[in-house]
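What follows is a single structure, written as C-alpha cells, with notes after it.
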Amino acid sequence: MSNSNDWKSRLNIVYSTNPDFKYDNGEEDDVHAAPKEKQQVRIKLDKRNRGGKTVTLITGIEGSDDEIAALATKLKSKIGTGGSAKEGEIIIQGDFRNRVMELLLKEGYAKCRII
C-alpha cells in the first residue's frame, strides 16, 4: 500500500479545488545549507548563564541538526573536551577559540571569524 494513498494520514484534510495544492504531512523538507566555504562561522568566548564557566560558542553553521551534532562530536574528540550541540550552536567547554578555528578551516569552513 502506498503512502500517498493512505487515507488515515489525511483524516483532517478539507477538500481543496486548487490544482496546485500539496498536502503538508508535517515533515520538514531537507535543509538546503550553503556550501561550507560560504558559511559565515563565528567563534566566540561565552560566560553568560554558565555559572562562571568559560565555553567556546560556535554559531553560523548551517545544516541539519544531525550534521551539526556530527561536527560537534568531531571537534570535541579532536580537542579532547566536552560540549554539546543545541539549536544550531556548538558549545565546547573551555577557551579553545584558536584551536576550533584551525579545525574548522581544515574541515573546509573558509569564512571563520573569532569575535
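Quick caveat, the model's predicted, so the values are computed rather than measured.
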Heavy-atom check, side chain of Tyr109 versus side chain of Gln39, under 4.5 Å: yes

Any idea which heavy atoms bring Arg97 and Lys44 closest together, and the distance? CD-C, 4.2 Å

Arg42 versus Ile58: any side-chain heavy-atom pair under 4.5 Å? no

Taking all non-hydrogen atoms of both residues, which atom of Ile43 and which atom of Cys112 are closest, and how far apart? CD1-CB, 4.5 Å

Do you reckon Leu105 sits in the same ILVMFWY cluster as Ile90, going by side-chain contacts under 4.5 Å, direct or chained? yes

Taking side chain to side chain donor-acceptor pair (under 3.5 Å) as the definition, give me every residue that meets it alongside Arg99, ordered by chain and number, with sequence neighbours left out. none

Does the side chain of Val55 come within less than 4.5 Å of Ile92's, by heavy atoms? no

Can you measure from CG (Leu104) to CZ (Arg113) and round to the nearest 0.5 angstrom? 14.0 Å

Please report the interatomic distance CG(Leu103) to CG(Leu71), rounded to the nearest 0.5 Å. 9.5 Å

According to salt bridge (charged side-chain N to carboxylate O under 4.0 Å, His left out), does anything in residues 74-89 pair up with another residue at least two apart or in another chain? List the pairs. Lys74-Glu107

Validation row: Ile91, Thr56 side chains within 4.5 angstrom (heavy atoms): no

Sorted by chain and number, sequence neighbours left out, salt bridge (charged side-chain N to carboxylate O under 4.0 Å, His left out) with Arg50 holds for Asp46

Shortest non-hydrogen pair, Ala72 vs Ala85, comes out as CB-CB, 3.9 Å

I need the Asp95 CG to Leu45 CG distance, nearest 0.5 Å. 4.5 Å

